Amino acid sequence: MKIGDVLDGRFRIDDLCSNEGGMGTIYHVTDLDSKGSSMPLVAKICKHTDPQIRTRFKREVRLLSNFEGNSRVVQMTHFNIKCSPPYFVMKFYSEGDLESNRSKFETRPDRMEKVFLQMIDCVNELHIKGIFHRDLKPQNFLFERGKIAVSDMGLSVEAVSPTRITSMNASGGTLGYSPPEAFGNFRNPDAAFDIFMLGKSFYYLATGRDPQFMSNGSISPGLYNLIQRACKLEKRHRFQSLAELKQAMVAVFDIILDRVEGLHDAKNRLLVILAQLTNEKVYDADEVNEFLEALLTLKADDQDIVCQLLKPEFFSVIAQDSFDSKRGAFLVAWGQMVRNGNYGWPFAENIADCAKSIFKSGNPTPEEKALVLELAIHAAQTKSRFAAMNTITELISSVKERELAEHVNGVILNCADTFVSEIEPSNCSHDIVARAIKTLKEAENEDE
């Protein structure tokens with residue numbers, strides 16, 4: 001189309017708006033039949049003749065037609081899919097997309113919270129109707145007068161689609177934002193699929209950095225932990241619903257914006273859980289999850305204070321499979337406290353016993369077991385606590401599974417010049433562990 005052309009005998013092409021989309025070119029247009037309406041409009045015109053892309057374009061029109069009057073989804077005012085080329089007309093959002101509006105909220109956490117919650121609400125409008133977007137990114141959220149609408153549904157699909165045109169092995173989405181399952185299983189998305197892309201979008205909007213390679217940087221610990229969970233490679237470890245994500249987001253910003261006393265809240269939650277475990281030998285999984293959310297939103301110094309209250313009984317709970325998705329982040333916070341060493345020498349025994357609860361359970365991964373073992377060794381060595389050393393010696397000697405032995409091997413070799421070298425290799429249940437200790441002993445003999 002050229003400037004001045006009239007599309008479908010009705011819409012005059014005024015100017016190019018964008019040619020970056022995969023399926024369509026967007027033009028500023030004037031509705032010659034508007035009868036005085038002054039609302040700015042753009043037309044998205046399918047720029048491909050490929051039948052599959054044309055079919056996908058028509059699907060976008062069909063899906064958008066479900067959201068007439070819904071301010072959280074871009075508003076389509078007219079369409080003609082029988083026209084050649086097919087097109088649809090929508091409201092023009094004069095302030096652009098969220099990527100171009102970062103400066104309005106990147107240093108204002110109160111505004112950032114409103115933006116993030118609106119993004120969740122927008123996507124929720126799709127999920128309510130059983131539609132998954134599959135290409136969420138900051139450029140696909142349009143911004144105007146503080147309100148946000150989700151756009152570009154060219155890759156969107158219904159959970160139960162009457163015409164599923166994406167092949168089973170097809171890939172799609174945007175590099176850096178798409179979850180691992182997008183590459184080879186693009187046909188069957190779910191809520192966790194979109195949640196991954198929301199997490200990556202939050203990261204970019206909060207930092208301005210490439211979401212392919214995330215690092216904490218200037219993000220608050222609570223927000224970064226939330227983003228990490230949203231972007232877990234295994235989707236079962238992500239938030240499983242937008243409602244869960246939204247609740248966690250509010251809790252994070254409660255801390256950032258000082259709406260609640262986070263340290264006091266986390267300590268109280270933990271004390272209730274520990275009292276139940278001590279007095280009744282029971283726990284409430286929801287209460288544990290709420291505590292973990294509260295802990296992971298705290299600043300690092302406050303996390304240390306809370307983690308010093310933890311007992312081995314709590315680690316027996318966190319070792320259960322229902323906490324698989326949060327255990328890793330929890331152990332990172334606990335490990336930070338252990339390495340900081342701001343505790344008395346008797347506490348090294350508590351650390352060793354907590355590590356034992358994880359190490360002896362069948363649910364934690366070998367990586368998690370190796371992590372707690374290394375942390376316990378660090379505490380026992382730096383505090384010269386022999387009772388803790390005895391507990392760790394028992395753990396190392398008891399290893400029987402090959403995969404765990406391989407991880408423990410790495411821990412042992414990283415622990416030269418510690419009491420680990422004094423463990424008797426013949427007492428070890430696995431040859432790999434025994435050989436690692438022998439290696440330490442041989443290195444010590446060479447130094448002598």
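Predicted model, so just to flag it, every value in this text is computed and none were measured.
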Do [X] and [Y] pair up side chain to side chain, a donor and an acceptor below 3.5 Å, judged on atom types alone?
X: Asn19; Y: Thr25; answer: yes
X: Lys137; Y: Asn140; answer: no
X: Ser322; Y: Gln320; answer: no
X: Asp194; Y: His127; answer: yes
X: Ser361; Y: Lys369; answer: no
X: Ser94; Y: Glu144; answer: yes
X: Gln336; Y: Asp304; answer: yes
X: Asp135; Y: Thr174; answer: yes
X: Ser100; Y: Asp97; answer: yes

Indicate yes or no: at least one non-hydrogen side-chain atom of [X] is less than 4.5 angstrom from one of [Y].
X: Phe330; Y: Phe315; value: yes
X: Phe193; Y: Met197; value: yes
X: Ile131; Y: Leu63; value: yes
X: Ile358; Y: Ile318; value: yes
X: Tyr343; Y: Lys383; value: yes
X: Val306; Y: Phe291; value: yes
X: Phe67; Y: Met76; value: no
X: Tyr204; Y: Leu98; value: no

Looking at [X] and [Y], does any basic side-chain N land under 4.0 Å from a carboxylate oxygen?
X: Lys438; Y: Glu442; answer: no
X: Asp301; Y: Lys299; answer: no
X: Arg327; Y: Glu368; answer: yes
X: Glu234; Y: Lys232; answer: no
X: Glu293; Y: Lys326; answer: yes
X: Asp50; Y: Arg54; answer: no
X: Lys147; Y: Glu95; answer: no
X: Lys129; Y: Glu158; answer: no
X: Glu313; Y: Lys281; answer: no

Output the distance between atom [atom1] ([X]) and atom [atom2] ([Y]), rounded to the nearest 0.5 Å.
X: Ser178; Y: Gln212; atom1: OG; atom2: CD; result: 10.0 Å
X: Leu371; Y: Glu374; atom1: CG; atom2: CD; result: 7.5 Å
X: Ser65; Y: Glu60; atom1: OG; atom2: CD; result: 11.0 Å
X: Ser397; Y: Asn427; atom1: OG; atom2: CG; result: 5.5 Å
X: Glu290; Y: Gln247; atom1: CD; atom2: CD; result: 7.0 Å
X: Glu444; Y: Thr439; atom1: CD; atom2: OG1; result: 11.5 Å

Check whether [X] reaches the backbone of [Y] with its side chain - one donor and one acceptor, N or O, closer than 3.5 Å.
X: Arg238; Y: Leu233; result: yes
X: Gln303; Y: Leu295; result: yes
X: Glu113; Y: Pro109; result: no
X: Lys441; Y: Ser421; result: yes
X: His237; Y: Ala230; result: no
X: Tyr177; Y: Pro138; result: no
X: Asp302; Y: Leu298; result: no
X: Glu401; Y: Glu403; result: no
X: Gln381; Y: Phe419; result: yes

For atom [atom1] of [X], is the number of surrounding heavy atoms from other residues, nucleotides or ligands below 6.0 Å larger than 12?
X: Arg259; atom1: CZ; answer: yes
X: Lys267; atom1: NZ; answer: no
X: Lys311; atom1: NZ; answer: no

Does the separation of the ring centres of Phe314 and Tyr283 fall below 6.0 angstrom?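 Ring-ring flag for Phe314/Tyr283: false, centres at least 6.0 Å apart.
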Run through Leu223, Asp121, Leu198 and flag the one making a side-chain contact (heavy atoms from CB on, under 4.5 Å) with Phe116.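 The option that passes is Leu223.
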Would you check, one step at a time, whether the test salt bridge (Lys or Arg N to Asp or Glu O under 4.0 Å) holds for Arg111 with Glu106? CA-CA 8 Å; Arg111 293 180 181 176; Glu106 62 178 326; over 6 Å; no
When you look at Val74 and Leu142, which way does the side-chain contact (heavy atoms from CB on, under 4.5 Å) test go after all the steps? CA-CA 8 Å; Val74 291; Leu142 302 182; 3.7 Å; yes
One pair to check against side-chain contact (heavy atoms from CB on, under 4.5 Å): Glu125 and Val150. What are the steps and the verdict? CA-CA 9 Å; Glu125 294 298 319; Val150 64; over 6 Å; no
Pair Gln118-Arg72, side-chain contact (heavy atoms from CB on, under 4.5 Å): steps then yes or no: CA-CA 8 Å; Gln118 282 193 64; Arg72 291 173 175 161; over 6 Å; no
Of all the heavy-atom pairs spanning Ser215 and Tyr224, show the shortest one and how long it is.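 Here Ser215 and Tyr224 meet closest at CA-OH, 3.4 Å.
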Does the pair Leu226 and Leu245 meet the rule for a side-chain contact (heavy atoms from CB on, under 4.5 Å), with working shown? CA-CA 8 Å; Leu226 179 148; Leu245 173 61; 3.9 Å; yes
